[in-house]
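Positions are given from 1, in the same order as the sequence printed here. Small disclaimer: the values here were computed from a predicted structure and weren't measured.
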Amino acid sequence: MSAYGPWRIAAGLLANLLSSICIVFLNKWIYVHYGFPNMSLTLVHFVVTWLGLYLCQRLGVFCPKSLSASKVVLLALSFCGFVVFTNLSLQNNTIGTYQLAKVMTTPVIILIQTMCYGKTFSLRIKLTLVPITLGVFLNSYYDVKFNVLGILFAALGVLVTSVYQVWVGSKQHELQVNSMQLLYYQAPLSSAMLMCFVPIFEPVIGEGGIFGPWSPSAIAMVLLSGFIAFTVNLSIYWIIGNTSPVTYNMFGHFKFCITLLGGYLLFEDPLSLNQALGILCTLFGILAYTHFKINEQEVNKSKLAQRP
């Protein structure tokens, strides 16, 4: 149980809600109104996250653990891939399609863990993947702004994100570190990797480059985006540490709905009846998955508690 009172917990949840929603809308705004390059924006996020984590460890928020770079280099590379492709999906899709595509991470993680790690899942958990997948397909197929490139980036984002999340879980167990200690080593490595890739895929100086003639408002928005990205990571760590992963999961469903609604209102993304049905279908699958997962966790806890 958390040592913090309900008001502190509520404040932490509110901070995560606002930052998680703001980062999606702000990044979309930056892409639409300023045309800031994707990988360069991701690099800014990584650098700000690294500096923020350095400040946190200096203030005693967490204690860093010495790790060999070779043990986290693949994780850092997948971290680059998942953030870059996810941002490219946001850049090339409507917020609704972007948000629903991210939901496919759960089925892909289950597939990876089943095929590569021999993990088993109950039939009812597997059945919840049907409405999730069907809903995402309906929304994407009937999206009037559907484009092949956007769907390709969304699919790559889901695949790399799923691999990253599976690796994070195994690396935390293998290296005996928490998510913040791991991110403290990932962020600088990922920043260094992107510094090598940015000049290949994007201009560095001149029009459209990271060091180009951007307006003060564009620079302010990009730096604000980096700060909010760091706040998202920090608040996730704090919520899970002071409540539970289940609380964060359930809270995530609320953020999912708010982000979808905000996308249609702020960016005036068109919404057809078939898309609405797809969203409801996906939401039903998410809620069913969470319900069954919580029940299974409770049953496992009860069995462990009954052991002599």
Side-chain angles (χ1 to χ4, degrees), residues 67 70-89 93 97-141 148-179 182-183 185-186 189-190 193 236 240 245-246 248-250 252-253 256 278 281-301 303-304:
L67 299 175
S70 61
K71 292 184 177 180
V72 293
V73 65
L74 284 178
L75 194 64
L77 185 61
S78 64
F79 186 49
C80 288
F82 112 70
V83 178
V84 168
F85 285 128
T86 300
N87 282 343
L88 282 169
S89 173
N93 291 309
T97 296
Y98 156 81
Q99 194 71 9
L100 258 73
K102 286 170 62 179
V103 175
M104 286 301 295
T105 302
T106 298
V108 175
I109 286 176
I110 289 176
L111 184 65
I112 290 172
Q113 289 184 323
T114 301
M115 295 181 65
C116 302
Y117 293 87
K119 191 171 180 179
T120 57
F121 295 88
S122 65
L123 178 61
R124 59 183 187 175
I125 288 289
K126 292 177 181 177
L127 288 176
T128 62
L129 305 183
V130 175
I132 290 175
T133 306
L134 178 62
V136 172
F137 173 78
L138 280 173
N139 177 78
S140 303
Y141 186 79
V148 175
L149 186 62
I151 295 300
L152 175 62
F153 285 139
L156 288 171
V158 167
L159 180 61
V160 180
T161 300
S162 302
V163 171
Y164 171 74
Q165 289 189 13
V166 170
W167 281 358
V168 163
S170 62
K171 281 294 180 183
Q172 282 185 236
H173 179 73
E174 175 191 334
L175 302 173
Q176 293 297 297
V177 292
N178 61 39
S179 58
L182 198 55
L183 189 58
Y185 281 90
Q186 276 176 232
L189 267 177
S190 297
M193 289 174 179
I236 288 172
I240 294 176
V246 171
Y248 178 72
N249 231 326
M250 295 300 289
H253 304 332
F256 173 81
C281 190
T282 300
L283 190 58
F284 170 75
I286 294 170
L287 292 172
Y289 172 84
T290 304
H291 174 71
F292 293 143
K293 199 71 176 173
I294 291 171
N295 283 347
E296 289 183 4
Q297 288 172 349
E298 291 299 322
V299 169
N300 291 335
K301 283 181 182 177
K303 288 181 179 178
L304 289 172

Between the CG atom in Leu129 and the CZ atom in Arg124, the distance rounded to the nearest 0.5 Å is 13.5 Å

Could you pull out all residues at least two apart from Tyr185 that satisfy ring pair (Phe, Tyr, Trp, His ring centres under 6.0 Å)? none

Looking at every heavy atom in both Met193 and Cys80, which two are closest together, and how far apart are they? CB-SG, 4.0 Å

So, using side-chain hydrogen bond (donor to acceptor under 3.5 Å, both in side chains) as the criterion, who are the partners of Thr282 when residues are at least two apart? none

Minimum heavy-atom distance between Pro107 and Thr133, given as atom pair plus value: CG-OG1, 4.3 Å

Identify all side-chain donor-acceptor contacts of residues 152-160 below 3.5 Å with residues at least two apart in sequence or on another chain.
none

Phe292, CZ: over 12 other non-hydrogen atoms inside 6.0 angstrom: yes

With a 4.5 Å heavy-atom cut-off, do Ile112 and Val108 have their side chains touching? yes

Donor-acceptor pair, Ser89 side chain versus Phe85 backbone, under 3.5 Å? no

Heavy-atom donor-acceptor pair, Ser78 side chain to Leu75 backbone, under 3.5 Å: yes

So do the side chains of Thr114 and Thr120 get within less than 4.5 Å of each other, counting heavy atoms only? no

Minimum heavy-atom separation for Gly278 to Leu138, with atom names? CA-CB, 3.9 Å

Pair Asn87-Val83, side chain to side chain contact (heavy atoms under 4.5 Å, CB included): steps then yes or no: CA-CA 6 Å; Asn87 282 343; Val83 178; 3.7 Å; yes

So, Thr105 and Gln165: side-chain donor and acceptor under 3.5 Å apart, yes or no? no

When rounded to the nearest 0.5 angstrom, what distance separates CD1 in Ile132 from CD1 in Ile110? 7.5 Å

With a 3.5 Å distance limit and no angle check, can you tell me whether Asn93 reaches the backbone of Tyr98 through a side-chain donor-acceptor pair? no

Nearest 0.5 Å, please: how far is SG in Cys116 from CG in Leu111? 8.0 Å

Quick one: side-chain hydrogen bond (donor to acceptor under 3.5 Å, both in side chains) partners of Gln99, sequence neighbours excluded? none

Measure the spacing between OG1 of Thr106 and OH of Tyr289 and express it to the nearest 0.5 Å. 5.5 Å

Between CZ of Phe121 and CD1 of Ile109, what distance do you get to the nearest 0.5 Å? 9.0 Å

Listing request: all salt bridge (charged side-chain N to carboxylate O under 4.0 Å, His left out) pairs with a residue in residues 100-120, at least two apart in sequence or in separate chains. none

Spatial distance of atom OG1 (Thr128) from atom CG (Leu287) [nearest 0.5 Å]: 10.5 Å

Would you be so kind as to tabulate the donor-acceptor pairs closer than 3.5 Å made by side chains of residues 166-175, with sequence neighbours excluded?
residue, atom, partner, partner atom, Å
Ser170, OG, Val166, O, 3.4
Ser170, OG, Trp167, O, 2.9
Lys171, NZ, Lys71, O, 2.8

